[in-house]
Amino acid sequence: MATNRTFTMIKPDAVKNGHIGNILKDINDGGFKIIAMKYTHLNAETAGQFYAVHKERPFYKDLVEFMSSGAIVAAILEKDNAVADFRTLIGATNPAEAAEGTIRAKYAKSIDANAVHGSDSDENAEIEGNFFFSSLERFA
Ligand code: ATP
Ligand code: MG
């Protein structure tokens with residue numbers, strides 16, 4: 001059964017390129033409510049932990065290096081059917097294949113620097129939200 005929360009990061013490329021405001025506007029316009037949010041950064045260790053599920057993939061080392069290369073914005077978002085609807089809002093992993101109007105189509109430059117992260121399941125949304133936020137840091 002679909003639950004109502006997902007987790008996102010605005011990645012270092014989008015932060016560096018000045019897209020935080022536009023991406024948050026798209027998230028709000030998409031009907032998502034922000035439950036928790038922080039401007040922070042990952043280092044090699046914490047990025048490695050966050051993306052541990054990909055550690056056997058050929059792009060893992062580059063992914064960890066990229067995700068620890070600058071500031072990010074982490075947030076927990078709420079909406080009915082949040083995980084699937086958010087992945088629709090952000091578009092395909094490769095921005096060249098992302099549908100017109102999606103966040104990655106508008107703000108991402110490449111498959112590795114692809115502007116935003118979105119959880120891929122309810123279970124991972126919970127794990128990823130807990131990775132960044134304690135219960136004291138959530139609105140509800
Ligand atoms: P994310 O988990 O960041 O929301 P995703 O779920 O669309 O993205 P995943 O398969 O989980 O895609 O891959 C995680 C991240 O690893 C991607 O967002 C992308 O930055 C990077 N990545 C995935 N595939 C490749 C690839 N073939 N080459 C380079 N980087 C890749
Ligand atoms: Mg993923």
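Atoms within a ligand are numbered from 1 in the order they appear, just like the ligands themselves.
Counting heavy atoms under 4.0 Å from ligand 1, residue R104 touches it through the side chain alone. Residue I111 touches ligand 1 through backbone and side chain together, judged by heavy-atom distances below 4.0 Å. When heavy-atom distances to ligand 1 are checked against a 4.0 Å cut-off, T93 comes that close through both its backbone and its side chain.
For K55, the NZ atom is loosely surrounded, since the number of other residues' heavy atoms within 6.0 Å does not exceed 12. The number of heavy-atom neighbours closer than 6.0 Å to CD of E123, taken from other residues, nucleotides and ligands shown, is 12 or below.
Among protein heavy atoms, atom 1 (P) of ligand 1 sits closest to H117 ND1, 3.1 Å. The closest protein non-hydrogen atom to atom 15 (C) of ligand 1 is L63 CD1, 3.8 Å. Here the protein heavy atom with the shortest distance to atom 3 (O) of ligand 1 is K11 NZ, 2.8 Å. With hydrogens left out, the protein atom closest to atom 14 (C) of ligand 1 is H54 NE2, 3.5 Å, a heavy atom.
Ring geometry for F32 against F86 counts as perpendicular: the plane angle is over 60°, on a 0 to 90° scale with 30° as the lower cut. Using cut-offs of 30° and 60° on the angle between ring planes, the pair F7 and H117 is tilted. Under the 30°/60° scheme for interplanar angles, the aromatic rings of F50 and F131 are found to stand perpendicular.
Atoms of ligand 1 lying under 4.0 Å from any heavy atom of N114, numbered from 1 in the order shown and given with element: 17 (C), 18 (O), 19 (C), 20 (O). Ligand 1 places these atoms under 4.0 Å from at least one heavy atom of Y51: 3 (O). Using a 4.0 Å cut-off to heavy atoms of R87, the atoms of ligand 1 that qualify are 5 (P), 6 (O), 7 (O).
Side-chain contact check for N4 and K79: no donor-acceptor pair (N or O, by modelled atom type) lies under 3.5 Å. Side-chain atoms of T46 and N43 form a donor-acceptor pair, as typed in the model, at a separation below 3.5 Å.
Some N or O of G118 is nearer than 3.5 Å to an N or O of ligand 1, by distance alone.
In this structure, H19 has its ring center closer than 6.0 angstrom to the ring center of Y107.
Looking at F59, F86, F66, it is F59 that brings a heavy atom closest to atom 22 (N) of ligand 1.
Note that K38 lies in the cation-pi zone of F133, set by a 6.0 Å cut-off to the ring centre and a 45° limit from the axis.
Heavy-atom distances between D120 and ligand 1 stay at or above 4.0 Å for every pair.
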